[in-house]
Amino acid sequence: MSRTLIAAYGAASYFVFLGTFLYLIGFIAGIAVPKGVDDGPLVAWPLALAVNLGLIALFGVQHSVMARPGFKRLWTRVVPPAAERSTYVLLSSVALVVLYLAWLPMPSQVWSVEASWLRGLLWALFGLGWVVALVSTFLIDHFDLFGLRQVWHHWRGTECPSHPFKTPALYHWVRHPLMTGFLMVFWLVPDMTVGHLVFSAGMTAYIVVGTLYEERDLIAAFGERYRRYAASVPRFIPMPGRRTGE
Ligand SMILES: C[S@@+](CC[C@H](N)C(=O)[O-])C[C@H]1O[C@@H](n2cnc3c(N)ncnc32)[C@H](O)[C@@H]1O
């Protein structure tokens, strides 16, 4: 494939990701999108539960399996190595779009906060969660995570060096601040239906399992340094007095 074609593919995948990421904000909040987590045809709850869990599993399997080094080694025999990350990003977006389209509402209310000050506070924390998630991608390397750095180097004909271990800013406090941001937006909402709860709980379970696999790879890549980091810094929730001096 020509360099320009791969660069265009990387840019297109990035913009598809951007669209699905922005849609996720509206999907969870139930605002500004045609179909949110509480919208769609009403069906019997066992069917809705089975379909919704299947959609989360589809996203989780795609997102975790395709991120493993062993899968990448096989996969790059099929796709050009420079386009591997962009393909991962594109297929993650496709899995999310399938989830948005096929998600079935389960409208029974689990909680609904009445006090306006508390509603305001929860919406503020919901917004902060998105900021934490976005900032975290830049702390690791936003353009590497979403495949643009790889296609850019390929287009220029330069080598794309792999990233060293690092613990900037939020990574001093928790090992997975990106996931902390997602956990905030999944749970810190003033209104929670059963369907929304299934989404939040399913995604939380995926994050817990996914980060176990991610850390196995991080230990394989960075060895004792990552082990020491993991022993002193919490996974998702910052604890006073527990942070790294890296
Ligand atoms: C989607 S990012 C998520 C990072 C982290 N799990 C989080 O929630 O903030 C996953 C990529 O970040 C890399 N990564 C995670 N922690 C890292 C660290 N401390 N230093 C360098 N790379 C890291 C992983 O190798 C993986 O390629």
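Start at 1 and go down the list; that is how both ligands and their atoms are numbered. Computed from heavy atoms alone, side chains included, the values below leave out hydrogens, waters and symmetry copies. The shown structure was predicted, so the numbers you read here are calculated from the model rather than taken from an experiment.
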Problem set entry | Sole candidate of Lys72, Met66, Arg73, Gln150 that passes side-chain contact (heavy atoms from CB on, under 4.5 Å) when paired with Glu84 | Lys72
Seminar exercise, completed: Sorted by chain and number, sequence neighbours left out, side-chain contact (heavy atoms from CB on, under 4.5 Å) with Ala82 holds for Ile6, His154
Problem set entry | Glu159 atom CD, over 12 foreign heavy atoms within 6.0 Å | no
Exercise. Does a side-chain heavy-atom distance below 4.5 Å link Val194 with Val110?
Worked result: yes
Exercise. Side chains of Trp75 and Thr87: is there a donor and an acceptor less than 3.5 Å apart?
Worked result: no
What short N/O contacts, under 3.5 Å, does ligand 1 make with the protein, listed by atom pair and distance?
from: ligand 1; atom 1: 6 (N); to: His176; atom 2: ND1; distance (Å): 2.7
from: ligand 1; atom 1: 6 (N); to: Glu214; atom 2: OE1; distance (Å): 3.0
from: ligand 1; atom 1: 6 (N); to: Glu214; atom 2: OE2; distance (Å): 2.8
from: ligand 1; atom 1: 8 (O); to: Leu178; atom 2: N; distance (Å): 3.4
from: ligand 1; atom 1: 8 (O); to: Met179; atom 2: N; distance (Å): 3.2
from: ligand 1; atom 1: 9 (O); to: Tyr171; atom 2: OH; distance (Å): 2.5
from: ligand 1; atom 1: 9 (O); to: Pro177; atom 2: N; distance (Å): 3.3
from: ligand 1; atom 1: 9 (O); to: Leu178; atom 2: N; distance (Å): 3.0
from: ligand 1; atom 1: 19 (N); to: Lys166; atom 2: O; distance (Å): 2.7
from: ligand 1; atom 1: 20 (N); to: Lys166; atom 2: N; distance (Å): 3.1
from: ligand 1; atom 1: 20 (N); to: Lys166; atom 2: O; distance (Å): 3.2

Exercise. Do His153 and Thr158 have a side chain donor and acceptor closer than 3.5 Å?
Worked result: yes
